[in-house]
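Working notes for the structure below.
Keep in mind that what you see is a predicted model, and the values were worked out from it rather than measured. Per chain, numbering begins at 1; letters A, B, ... match sequence-line order.
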Amino acid sequence: MARIVLGLGAPHSPNLPSVVANNPGFVEAGLYAELKNALEAARADALVIFSNDHFNTFFLNNFPMFAIGAAPATAGPNDGTPMPRYEIPVAEELASHIYSTGVSSGFDLALCQEFDVDHAFAVPVHFLCAHGKLPILPVFVNCFASPLPLASRAHALGRAIGSAIRAHEPDLRVAVMASGSFSLEIGGPAIPPGERSGVPDRAWVARVVELMRARRVDDLVTEATPSQMARAGNAGGELLNWIAMLGAIGDRAPAMLAARPHGHAFGVWRWE
Amino acid sequence: MARIVLGLGAPHSPNLPSVVANNPGFVEAGLYAELKNALEAARADALVIFSNDHFNTFFLNNFPMFAIGAAPATAGPNDGTPMPRYEIPVAEELASHIYSTGVSSGFDLALCQEFDVDHAFAVPVHFLCAHGKLPILPVFVNCFASPLPLASRAHALGRAIGSAIRAHEPDLRVAVMASGSFSLEIGGPAIPPGERSGVPDRAWVARVVELMRARRVDDLVTEATPSQMARAGNAGGELLNWIAMLGAIGDRAPAMLAARPHGHAFGVWRWE
Amino acid sequence: MSVYGVNKFCRTALHDRDVRAQIKSDPAAAMEKFPLTAEEKELLLAGDVAALWERGASGFLLSYLTRWDLLGLTVEVYSERMRGARDWRFPQGGVATSGR
Amino acid sequence: MSVYGVNKFCRTALHDRDVRAQIKSDPAAAMEKFPLTAEEKELLLAGDVAALWERGASGFLLSYLTRWDLLGLTVEVYSERMRGARDWRFPQGGVATSGR
Ligand SMILES: [Fe+3]
Ligand SMILES: [Fe+3]
């Protein structure tokens with residue numbers, strides 16, 4: 001049977017690849033390297049990534065709440081992010097299993113058998129598995145098109161995906177990752193003067209980190225109300241990716257969790 | 001507050017408009033006329049239609065399990081069905097309310113703010129409200145892309161939509177309709193010799209009608225297993241539209257329910 | 001991309017009149033636009049709808065091809081061949097992928 | 001189609017280089033391709049991003065326009081205007097439609 005061997009969390013800011021390329025000593029470079037080492041040490045056969053499209057793969061003509069990418073491969077970024085373009089293998093069989101199991105557990109998932117991805121998936125791939133040998137499994141969580149899924153629902157989806165992985169027959173080692181910000185406003189009224197984006201709720205970032213460190217995921221789910229996430233900025237819903245990831249790996253404390261001043265954090269959950 | 005004033009059920013076979021045009025005395029013509037009379041008598045302000053796309057509005061690159069059409073208008077058919085083309089007003093505000101309420105009740109709905117529709121919606125509009133004065137509200141249920149939603153989930157969605165309608169502030173009269181077959185195989189191995197489609201499970205059609213007449217919706221939900229619906233043909237999942245509609249209108253007996261030899265039925269639920 | 005490519009081919013035949021015309025005039029060239037395996041191309045060219053269905057393609061979508069007798073598939077030919085599919089009693093629903 | 005049309009306009013500016021060029025050269029003509037109300041066209045032409053946001057358009061999508069200084073929206077201009085939006089504390093989520 002398959003099992004989950006690692007949990008990861010990281011940002012996907014579209015400027016990170018070029019910033020790190022120009023400043024190899026940048027703190028984010030070291031943190032992403034730490035995650036990459038953890039992923040390689042875990043000898044994972046597949047990497048499930050909970051992340052969110054930014055109106056690039058999908059648009060409001062058919063915007064899914066939760067979607068599973070179940071194709072042989074994907075590619076990205078599809079949104080002009082300044083970074084290399086990757087062809088990325090997808091763990092299609094595991095994705096199909098997760099999709100079917102999720103539907104039979106009452107999750108109303110959209111099925112994506114042909115798709116490309118934006119920086120939300122391409123940036124993590126760039127830093128963690130640019131070699132193209134690790135199949136990913138994209139789980140798209142709606143973090144942008146109002147109304148967002150409830151935190152309790154995102155957490156339940158993560159739990160269901162965790163169970164589905166553990167019920168998958170092939171003896172796979174699966175890593176699970178979340179990507180996204182805890183507090184970030186892009187282009188909305190809460191941006192700072194002269195800027196296109198900013199971090200409107202640093203206290204919430206600290207609170208999220210505190211609750212994750214203390215393994216108080218239930219409290220995090222309770223406190224991540226629609227109004228709190230909105231207060232954290234129009235990208236504040238990206239926390240839902242982390243909440244889903246925590247549902248998948250279960251009740252564990254992070255081995256490392258580093259908040260950064262940009263409203264996001266890096267984390268590693270490890271138990272072997 | 002809004003309330004539900006009528007339930008309807010009917011097929012959407014793409015040949016019906018031309019068959020009826022050429023044979024005004026056709027039984028289906030009379031049955032659709034009966035539904036039209038019931039709809040006009042109910043003085044509805046909006047018509048919610050539970051029906052299913054046939055890979056025309058959506059495809060497997062992003063196929064939603066349940067989707068709500070929330071645009072000012074739609075148009076169809078988009079699939080070459082031989083019939084007039086309609087511009088159809090959509091009850092956008094009610095649709096947005098149903099969407100938001102559904103999401104906050106834990107349904108993972110896709111949002112469609114620009115879309116056209118295939119014969120599944122255009123045929124009912126042709127027979128019931130071709131005048132273009134009644135806004136519809138399309139609820140897309142996945143009845144074709146395997147795996148389908150569970151019958152219990154479709155029923156729960158209908159219940160949630162019924163509650164959302166009853167919690168909508170404007171004093172609207174809302175009719176609710178299901179469209180689709182109970183048993184139909186199109187292009188799969190269960191078709192008859194020399195034909196492109198057929199009805200593989202007439203006993204199931206009779207059973208569905210019996211349970212609906214007896215108001216045994218819970219038994220219908222229990223008996224409409226994935227394997228039973230598959231046995232009823234590759235369009236047998238269209239029963240899910242009826243199950244969702246019954247969830248919306250609540251526990252009621254039909255005033256009229258007429259099964260036809262083509263694997264489908266016409267029904268009217270009325271209580272005023 | 002397997003199976004998905006077959007479904008997409010059939011769906012595009014319905015929705016895109018240019019692709020449909022090319023399937024009539026030069027089916028092998030038309031197939032190059034779709035993510036089809038070599039085996040799928042062969043089966044499509046042979047009109048072997050039963051074998052495609054057995055691999056997971058949608059019968060509903062395959063039967064679009066009969067609307068214009070594409071790939072030699074009149075309704076009569078289609079029906080006879082599809083009825084010959086094996087092991088089809090009560091198929092149930094996983095996702096149809098390359099692996100099915 | 002309102003609001004949706006504004007969001008689509010901004011998204012297409014990112015994804016379609018031809019539309020983007022036309023927004024630069026002849027913004028009014030470019031807008032004809034989108035389901036925009038007369039008021040929305042005026043507000044877009046005026047670069048009044050705060051008013052568009054107040055009507056329900058996505059700030060995230062509107063801010064794409066600054067990437068190419070479209071409609072006069074440098075980051076500085078955009079920021080100053082958007083920060084002037086009214087009644088924006090903690091907006092919460094219904095669907096943004098014409099009615100919002
Ligand atoms: Fe993001
Ligand atoms: Fe149908």
**Item:** Gap between atom OG of D/Ser58 and atom CZ of A/Phe144 - 0.5 Å precision
**Value:** 7.5 Å
**Asked** Short question: side chain of D/Tyr4, backbone of A/Leu60 - any donor-acceptor pair under 3.5 Å?
**Response** no
**Region of D/Arg67 in contact with chain A, defined by heavy-atom distances below 4.5 Å** = side chain
**Complete:** Whatever's closer than 4.5 Å to a heavy atom in chain A on D/Leu62 counts as neither
**Asked** Heavy-atom distance under 4.5 Å to chain D: side chain of A/Ala190, backbone, both or neither?
**Response** both
**Prompt:** If you look at every heavy atom in A/Phe58 and D/Arg11, which pair is closest and at what distance?
**Reply:** O-NH2, 3.5 Å
**Prompt:** Between A/Pro200 and chain D, which part of the residue has a heavy atom less than 4.5 Å away: side chain, backbone, both or neither?
**Reply:** neither
**Request:** Looking only at non-hydrogen atoms, find the nearest pair between A/Gly188 and D/Trp53 and report the distance.
**Result:** CA-NE1, 4.5 Å
**Request:** Measure the spacing between CG of A/Leu184 and CZ of D/Phe60 and express it to the nearest 0.5 Å.
**Result:** 9.0 Å
**Request:** Begin with the C-alpha distance, continue with both residues' side-chain angles, and end with the deciding distance and a verdict on side chain to side chain contact (heavy atoms under 4.5 Å, CB included) for D/Tyr78 and A/Ile191.
**Result:** CA-CA 10 Å; D/Tyr78 184 97; A/Ile191 52 178; 4.2 Å; yes
**Prompt:** When rounded to the nearest 0.5 angstrom, what distance separates OG1 in D/Thr74 from CZ in A/Arg196?
**Reply:** 13.0 Å
**Prompt:** Under a 4.5 Å cut-off applied to non-hydrogen side-chain atoms, are A/Ser146 and D/Val95 in contact?
**Reply:** no
**Heavy-atom pairs under 4.5 Å with chain A, option from D/Glu76, D/Glu80, D/Arg83 with the top count** = D/Arg83
**Item:** Closest contact, heavy atoms only, A/Gly194 versus D/Ser79
**Value:** N-OG, 3.0 Å
**Request:** Could you tell me which of D/Ala85, D/Ala50, D/Ser63 has the largest number of non-hydrogen atom pairs under 4.5 Å with chain A?
**Result:** D/Ser63
**Message:** Could you measure the distance from the CG atom of D/Asn7 to the CG atom of A/Asn61? Nearest 0.5 Å is fine.
**Reply:** 12.0 Å
**Asked** Just how far is it from atom CG of D/Leu61 to atom CD1 of A/Ile186, taken to the nearest 0.5 Å?
**Response** 10.5 Å
